[in-house]
Amino acid sequence: MSAYKKIECDIVDKESLLEALSLLGFTPDVLVEPKHLTGYRGDKREETAHIIISKDQVNKFTGASNDIGFLWNEKENKYDFIVSDYDVAKKMDQRIIQAYVKIAIEKALAKNGFKIKVNINDEEFLKRTMSEMEIVARKLI
């Protein structure tokens, strides 16, 4: 049984998080009250989350995953990112953070009038292997 851990990151915008998860092909459960995560054997874990990607969806990247969750942390005004050691070893944390960063940066730059070019297209996010991402922003003044 893989232990869950919190990943240090600043996921603060729910809509950007949901867009990032969609970019990866996930349709997470979005809950008002947090629900327990499920391990790869179907066991209920003690960790809870408001946004849950089911292990069945994560399996398309990893093969034998646990649920991945995001629990809103009212005190810190951001989501706690909860993922198992197994899924960290399969780089699911990096994959999700990369997609979130892409969405958040694109939104911020577009809002400020920048033209954006990303070296990988959205379909690349659906592949089992990760690509290195580069974002170039230009603005005519």
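Sequence positions, counted from 1, serve as the residue numbers for this chain. Since the structure is predicted, the reported quantities are computational estimates derived from the model, not experimental observations.
Atom CD1 of I96 and atom CG of D93 lie 7.5 Å apart (nearest 0.5 Å). Within the model, atoms CD1 of I135 and CG of L109 stand 7.5 Å from one another, a figure rounded to the nearest 0.5 Å. Here the straight-line distance linking atom CG of L23 with atom OH of Y100 works out to 14.0 Å at 0.5 Å rounding. To the nearest 0.5 angstrom, M92 atom CE is 5.5 Å from F61 atom CZ. In this structure, the separation between OG on S84 and NZ on K90 is 11.0 Å, given to the nearest 0.5 Å. In this structure, N121 CG and E123 CD are separated by 4.5 Å, a value rounded to the nearest 0.5 Å.
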> Taking it one step at a time, do L24 and I53 satisfy side chain to side chain contact (heavy atoms under 4.5 Å, CB included)?
Replying inline: CA-CA 11 Å; L24 293 166; I53 308 165; over 6 Å; no
>> Please evaluate residues E33 and T48 with respect to the criterion side chain to side chain contact (heavy atoms under 4.5 Å, CB included), reporting the C-alpha separation (whole Å), side-chain torsions for both, the decisive distance (0.1 Å), and the verdict.
In response: CA-CA 9 Å; E33 293 297 320; T48 61; over 6 Å; no
>> Before you tell me yes or no, could you show the steps for K107 and S16 under side-chain hydrogen bond (donor to acceptor under 3.5 Å, both in side chains), namely the whole-Å CA-CA distance, both residues' side-chain angles and the distance that decides it to 0.1 Å?
In response: CA-CA 9 Å; K107 281 183 173 183; S16 293; 3.1 Å; yes
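The two residues A49 and L31 make their nearest non-hydrogen contact at O-CD1, 3.8 Å. When all heavy atoms are compared, the tightest approach of I116 to A110 is CD1-N, 3.9 Å.
The main-chain N or O of K55 is found under 3.5 Å from a side-chain atom of D67 such that the two form a donor-acceptor pair. Side chain of E47 to main chain of H36: no donor-acceptor pair is present (N/O by atom type, distance under 3.5 Å, no hydrogens or angles). Judged by distance alone, the side chain of N66 and the main-chain N or O of R45 form no donor-acceptor pair under 3.5 Å. Although no hydrogens or angles enter the test, the distance criterion places no donor-acceptor pair under 3.5 Å between the side chain of Y4 and the main chain of L37. Remark: the backbone N or O of W72 is paired with a side-chain donor or acceptor of H50 at under 3.5 angstrom. Between the N59 side chain and the T62 main chain, no donor and acceptor come within less than 3.5 Å of each other. Here the side chain of K139 pairs a donor or acceptor atom with the backbone of N112 at under 3.5 angstrom.
If you chain together hydrophobic residues whose side chains sit under 4.5 Å apart, I82 and Y86 never meet in one group. Hydrophobic cluster membership differs between I11 and L71, with clusters built from Ile, Leu, Val, Met, Phe, Trp and Tyr side chains linked at under 4.5 angstrom.
Side-chain contact between N119 and V136 is absent, with no heavy atoms from C-beta onward closer than 4.5 Å. Considering only heavy atoms from C-beta on, N73 stays 4.5 Å or farther from Y79 through its side chain. No side-chain heavy atom of I68 sits less than 4.5 Å from a side-chain heavy atom of I52. You'll find the side chain of K102 stays beyond 4.5 Å of the side chain of Q98, heavy atoms only.
Only one option out of V12, L17, L18 pairs with K14 in a side-chain contact (heavy atoms from CB on, under 4.5 Å); it is L18.
F70 and F81 have parallel rings, their planes meeting at less than 30° on a 0 to 90° scale where 60° marks the start of perpendicular.
F125 does not carry R95 over the face of its six-membered ring by the limits of under 6.0 Å from the centre and within 45° of the normal.
More than 12 heavy-atom neighbours from other residues, nucleotides or ligands sit within 6.0 angstrom of NZ on K78. Taking a 6.0 Å sphere around NZ of K60, one finds it holds more than 12 heavy atoms contributed by other residues, nucleotides or ligands.
Side-chain atoms of D87 and S65 form a donor-acceptor pair, as typed in the model, at a separation below 3.5 Å.
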